[in-house]
Q: 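Here you go, one structure.
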Amino acid sequence: MDEKYFAQKIEQKWQKRWAENKTFEVEINDGREKFYALEMLPYPSGRLHMGHVRNYSIGDALAWYKRLQGYNVLHPIGWDSFGQPAEQAAIKKGVNPREWTEDNINQMRQQLQRLGISYDWSREIAAHRPEYYKFDQWFFLKMLELGLTYRKDSQVNWCPKCHTTLSNQQASGGVCWRCGTQVEKQSRPQWFLKITAYAEELLSGIKEIEAGWAERVLTMQRNWIGRSEGAFVEFQIPNSRFQISNSEQQKNLEFGIWNLESVRVFTTRIDTIYGANAIVVAVEHPIIEHNFDNFPEAVKAKIEEIKIEKAKPTDYGEEIEKDGIDTGLKAVNPFSGEELPVWVGNYVMMEYGTGAVMSVPAHDERDFEFAKKFGLPIKQVVSGQWSAVSEGSKDQKTKSEDRATTDYGILVNSDEWSGKTSEEAKREMTKFAEENNFGKMATTYRLRDWGISRQRFWGAPIPIVYCETCGTVPVPFENLPVELPESAPFTGVGESPLAKVPEFVYTTCPKCDEPARRETDTMDTFVNSAWYYFRYTDPHNRELPFNPEITAYWMPVDQYIGGVDHAVMHLLYTRFWTKMMRDLGLINFDEPVKKLLTQGMVVGESYYSKSKESYVPPDEVKTVRDEKGKVVEANLKSDNSQVKVAVEKMSKSKYNGVDPDDMVMIYGADAVRIFALFAAPVENELVWQETGIDGAVRFLQRVYRLVYRWHKALVVSGQLQLSELNGELSQDARKLRQKTHQTIKRITENFESGQFNTPIAALMELSNALGDFKVEPKIASEADLFAVDEAIKSLILMLTPYAPHICEELWEVLTGSAKGILQSDEKFPVADEALVKADEIEIPIQINGKLRSRVLASPDATKEQLEMMALADAKIKEYIDGKEILKIIVVPSRLVSIVVKAQQS
RNA sequence: GCCCGAGUAGCUCAGUGGUAGAGCGCAUCCUUGGUAAGGCUGAGGUCACGAGUUCAAAUCUCGUCUUGGGCUCCA
């Protein structure tokens, strides 16, 4: 054993040994319980960043922990290797996307191996390889059979910078999720996956995973699905012009409009229908299109104005002023018979509900604002008696003229419904509308179908052929995969590069054998990530995406770990995919991931120069820090101008990133991993500080020195029997054993509850306790050696999930076995409850809630014993002398509380 | 604006009704001319604020403030 800890040497040695012994390769083993530990697969950008390191360190700690507990652990990795950066590189540098991607994968695989992450590399997969994307295509065709894949010519979100279409999620907030460019609307034929068919199940299925997923992720998904219960109500439009073609009628049905003599609205508050003062429709609403020519000039002008306004980029967070105009059309309220004006309004969205709302200003804030602006009548139909009841509270009684009240209440001014509660009215009025055929109960969702067409080269080709005689023809299963050509002309503009590759485009129709054209769009990369971890279970299957029997053993994932940025998109798509695969009969469960852990970002200090108007690297800045390490002043070295310091997400452009490879080179993989896990709870942000990683190294050195100090004595003593030694344990040895078992208990509990930072603190305590054990190894008694042996071996086994290399090395030193911890079938230590308990504990004694004294007692002392001890205590006697004792509360092993009558003085 | 979460030592966090804790960092001193040194001792907290419940509140309840995140005309 070297006297000093040389991280590089040890790490290389064990990485080699693990690879040779195939230590982390697993197969189905019915004798052992399985555990599937999964981290989100990386995009092969070429360099690992600290976010990756954090992600994989968490997963690896868990995988090791479970292995040490005897589980059969599947811990795989692969590459999300389709996507835009490869294509950008092709456009900019003229490289081949496939070569670029393969090079990056090779580099990153080496980086991961240098970190010593315990992957089963025999299961490595990559999305861009035909053997993988063959099954993207396979699923596409299967969904076509199920009616879950369809093509529709519709408005899509188009990013003018990326030259691609985006799903709603990817265009959230009106900007491209990738580059932040304002998204435009374009009309083109697109392939969609019918995720909305599972809207209800995606929502209700949340119940099943609630316990294992972060609440905020589920809230985001719930919001995204956006279920809303209410009713459709039909308002007749007697003066609408209705001359439409069949195809238009078809389109209208799609929008949920029965015909053009009426407007269908969706409302969650049918109980407020007597308060409707207008119908407000979106500018894109068909009734506007079809009556447009008949509208007065002023109306036409306003509609055009709103359309132009809507197409303009809007600042996120900026409130848009409500605007609109009365079209002159009239609608009839089917309940009251009242004739209402039909307005167009910029605040009504064609994409949600039916694109038309009934405006009830007294009970809806947006309608209220609209009515106020245009002087429309405001009629209260739900009594706001709640505010009258709660008088005296700060919530001043508000009059209906001041504010809309959206609370439920008692109906007024609503004919025979008056006097009913909102709940009753909603139920009964919906029923009435159904019976009279002008409405029905309805549930709407905010969730839209998933548009997967991308005008890109570097993705899975959509397996469709267009034939002049046969139309749209799916590629037969036996012809899969439809392979990407070697290369294509990459210009970065216009249509998909694939469209410019004649060998790819021109083909023959699978049905009639006549010349035909291939679909040249490729699939969204989220398709790959929707099911990749099923593939890990059976990665080399050529016939099927996976063998259902094999997958049944490994799935579902027991713990999934990744960034919270995938809370909605990836995690919703993959839940959908699972339900679809269940309906295909491939699997028989509903939710793919039992537990989800979302880690926080890795951030670092950044410096922004105001004079240069750019970020500057740290070595160009001189900082003055106070004794707490906080920056009080920062200036540019070159011209002394002021520099703004911030703590932000690590990125190259901000010069605040650190390269994991550099860190591994300087400090060793074990230290880097320890720091990544120790510095903060996994869900929180992690601030990268060089001083923190120094602490991690010092800790490992302390552990190394401990073993160095004791190893000869321990190896000589060999296996000691506790039974013979029990009586000879010194007070200190007993204390050390207690600390050991307390630590085991604590760490086991921490791991089970998903805490990764606190066990390291506990291990530091244990190593400190070992350092405090002052017996010289040479003269230590057998009993001492036993206690030290137990403490050190427990320490090493519990540290293994965090710092596997050094632990394997120290284990070899202590046991002489070169096989490695796992192959020697070592197990995570189990706490002995009897030892965890202290012999004697301090019991506080309170008088009237104030701490007055303490006594030492056995943890098993009874109530009566404790009470007696308390009353016998000298200090307590003083306090209670001459006073009446009202009550004595004794909580065994916790405290004694005495209540005395206050002295009148 | 709405919905969720958080606020405990310089930092990162434990602590779910019963003595306010840990690790790191920091400070003092000591040791050591051998490659990321070690050791001793110590300081540091109005548990965000206010009220309530209780013998007893960091912990439970209500309100306020601060802060992080998500949603954003969703009818």
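A, B, ... follow the sequence lines: proteins, then strands. Residue 1 opens every chain.
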Q: P atom, B:U16 versus B:U54: distance in rounded Å?
A: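 Those two atoms are separated by 23 Å.
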Q: Please state whether the rings of A:Tyr802 and A:Phe751 are parallel, tilted or perpendicular, taking 30° and 60° as the class boundaries.
A: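 Tilted, since the angle between the ring planes falls between 30° and 60°.
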Q: Any side-chain donor paired with an acceptor under 3.5 Å for A:Ser228 and A:Tyr445?
A: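 Looking only at side-chain atoms, A:Tyr445 and A:Ser228 do not form any donor-acceptor pair under 3.5 Å.
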Q: I'd like the P distance from B:C26 over to B:G38, given in whole Å.
A: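 After rounding to an integer number of Å, I get 12 Å for this pair.
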Q: If only side-chain N and O atoms count, and only distance matters, is there a donor-acceptor pair under 3.5 Å linking A:Ser262 with A:Glu234?
A: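 Yes, because at least one side-chain N or O of A:Glu234 sits under 3.5 Å from a partner of the opposite role on A:Ser262.
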Q: Within the 4.0 Å heavy-atom criterion, would you say A:Met349 contacts the bases, only the backbone, or no part of the nucleic acid?
A: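 Since a base atom lies under 4.0 Å of A:Met349, the category is base.
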Q: Quick check: on RNA chain B, is the nucleotide nearest A:Ile889 upstream (toward 5') of the one nearest A:Tyr5, or the reverse? Name the residue that is more 5'.
A: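 Taking each residue's closest nucleotide, the earlier one in sequence belongs to A:Tyr5.
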Q: Within the 3.5 Å criterion, strictly below it, is a donor on A:Asp367 or A:Tyr347 matched to an acceptor on the partner's side chain?
A: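 Judged by distance alone, the side chains do pair up.
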Q: Using the P atom on both, measure B:A14 against B:G5 and round to a whole Å.
A: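 So the two P atoms sit 16 Å from each other.
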Q: Return the polar atom pairs (N/O with N/O) between nucleotides 38-45 of chain B and the protein under 3.5 Å, or none.
A:
unit_1 : atom_1 : unit_2   : atom_2 : d
B:G38  : OP1    : A:Arg705 : NH2    : 3.4

Q: Would you mind pulling out the nucleotide paired to B:G33, Watson-Crick or G-U wobble, both distances under 3.5 Å?
A: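 B:G33 is paired with nothing.
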Q: Just the rounded figure in Å: distance from C1' of B:A14 to CG of A:Leu677.
A: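 Spelled out: CG on A:Leu677 to C1' on B:A14 is 17 Å.
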Q: Name the closest nucleotide to the A:Pro844 side chain, picking from B:U12, B:U19, B:A75.
A: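 Per side-chain heavy atoms of A:Pro844, the pick is B:U19.
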Q: Just to confirm, is there a sub-4.0 Å distance from OP1 or OP2 of B:C71 to any side-chain nitrogen or oxygen of A:Arg222?
A: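 Looking at the OP1 and OP2 atoms of B:C71, neither is under 4.0 Å from any side-chain N or O of A:Arg222.
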Q: If the cut-off is 4.0 Å, is A:Lys4 near the phosphate of B:A36, judged by side-chain N/O to OP1 or OP2?
A: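 For B:A36, neither OP1 nor OP2 has a side-chain N or O of A:Lys4 closer than 4.0 Å.
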Q: Both distances under 3.5 Å, Watson-Crick or G-U wobble: report the partner of B:U53, or none.
A: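 Matched B:U53 with nothing under the 3.5 Å cut-off.
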Q: Expressed as a whole number of Å, how far does the C1' atom of B:A56 sit from that of B:C3?
A: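 Taking atom C1' in both B:A56 and B:C3, they lie 35 Å apart.
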Q: For a quick check of understanding: with a heavy-atom distance under 4.0 Å over all strands, which category does A:Ile666 fall into, base, sugar-phosphate or nothing?
A: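 The residue A:Ile666 makes base contact.
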Q: Write down the distance between CG (A:Asp670) and C1' (B:A36), rounded to a whole number of angstrom.
A: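 It works out to 15 Å between those atoms.
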Q: Does B:A20 have a Watson-Crick or wobble partner in any strand here, with both distances under 3.5 angstrom, and which is it?
A: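 Across any shown strand, B:A20 pairs with none.
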Q: Mind telling me whether A:Trp710 and A:Phe773 have parallel, tilted or perpendicular rings, with 30° and 60° as the class edges?
A: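 Judged by the thresholds at 30° and 60°, the geometry between A:Phe773 and A:Trp710 is tilted.
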Q: Rounding to a whole Å, what distance do you find between A:Phe675:CZ and B:C24:P?
A: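 In whole Å, B:C24 P and A:Phe675 CZ are 14 Å from each other.
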Q: How many whole angstroms separate atom CD1 of A:Ile898 from atom P of B:G18?
A: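 Checked: the CD1 to P distance equals 19 Å.
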Q: Side chain of A:Gln755, heavy atoms from C-beta onward: which of B:C55, B:A14, B:G70 has the nearest atom to it?
A: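 Of the options given, the side chain of A:Gln755 lies nearest B:A14.
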Q: Answer yes or no: side-chain N or O of A:Glu765 and base N or O of B:G23 forming a donor-acceptor pair under 3.5 Å.
A: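 Looking at the base of B:G23, it does not pair with any donor or acceptor on the side chain of A:Glu765 (distance under 3.5 Å).
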Q: Looking across every strand, which nucleic acid part, if any, lies under 4.0 Å from A:Val348 by heavy atom: base, sugar-phosphate, or nothing?
A: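 Base: the residue A:Val348, judged by heavy atoms under 4.0 Å, touches a nucleobase.
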Q: Could you let me know what B:U28 is paired to, Watson-Crick or G-U wobble, both distances under 3.5 Å, or none if it's on its own?
A: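 None - no nucleotide pairs with B:U28, as no candidate has both distances under 3.5 Å.
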Q: For A:Tyr667 and for A:Ala762, find the nucleotide of RNA chain B with the closest heavy atom, then tell me which residue's nucleotide is more 5'.
A: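 Going by which nucleotide is closer to the 5' end, it is A:Ala762.
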Q: Short question: side chain of A:Glu683, backbone of A:Thr598 - any donor-acceptor pair under 3.5 Å?
A: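 Side chain of A:Glu683 to backbone of A:Thr598: no pair is present.
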Q: B:C62 and B:G1: how far apart are their C1' atoms, nearest whole angstrom?
A: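 After rounding to an integer number of Å, I get 23 Å for this pair.
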Q: Roughly how many Å is it from CG in A:Leu572 to P in B:G70, rounded to a whole number?
A: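 Distance, rounded to whole Å: 17 Å.
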Q: Look at the rings of A:Tyr5 and A:Tyr704 and say which category their plane angle falls in: under 30° parallel, 30 to 60° tilted, over 60° perpendicular.
A: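 Geometry flag for A:Tyr704 against A:Tyr5: tilted rings.
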Q: Could you tell me which nucleotide pairs with B:A6 by Watson-Crick or G-U wobble geometry, both distances under 3.5 Å, or answer none if nothing does?
A: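 Its partner is B:U66 (Watson-Crick or G-U wobble, both distances under 3.5 Å).
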Q: With a 4.0 Å cut-off on heavy atoms, is A:Thr267 in touch with a base, just the backbone sugar-phosphate, or nothing at all?
A: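 Counting heavy atoms under 4.0 Å across all strands, the contact made by A:Thr267 is with sugar-phosphate only.
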Q: Can you figure out which of B:A75, B:G23, B:C73 approaches the side chain of A:Ala761 most closely?
A: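 Of the options given, the side chain of A:Ala761 lies nearest B:G23.
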Q: Using atom P of each nucleotide, how far apart are B:A20 and B:U12 to the nearest Å?
A: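 So the two P atoms sit 25 Å from each other.
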Q: Any carboxylate oxygen within less than 4.0 angstrom of a Lys/Arg side-chain nitrogen, looking at A:Lys4 and A:Asp2?
A: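 No, this pair does not count.
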Q: Inspect the contact between A:Glu305 and A:Lys307 and indicate whether a charged nitrogen and a carboxylate oxygen are less than 4.0 angstrom apart.
A: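 Here A:Lys307 does not pair with A:Glu305 in a salt bridge, since their nearest N and O are not under 4.0 Å apart.
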Q: Find out whether A:Ile744 and A:Met798 are in side-chain contact, i.e. whether some heavy atom of one side chain is under 4.5 Å from a heavy atom of the other.
A: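 A side-chain contact under 4.5 Å exists here.
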Q: Using OP1 and OP2 only, check whether a side-chain N or O of A:Asn768 sits under 4.0 Å from B:G23.
A: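 A:Asn768 to B:G23 OP1/OP2: side-chain N or O found under 4.0 Å.
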Q: Sticking with atom C1', work out how far B:G21 lies from B:G69, rounded to a whole angstrom.
A: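 That atom pair is separated by 29 Å.
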Q: When you check the phosphate oxygens OP1 and OP2 of B:A75, does a side-chain N or O of A:Ser228 lie under 4.0 Å from one of them?
A: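 So the side chain of A:Ser228 is within the cut-off, an N or O lying under 4.0 Å from OP1 or OP2 of B:A75.
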Q: Could you check whether A:Asn757 gets within reach of a base, just the sugar-phosphate, or nothing at all, counting any heavy atom under 4.0 Å?
A: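 The residue A:Asn757 makes sugar-phosphate contact but no base contact.
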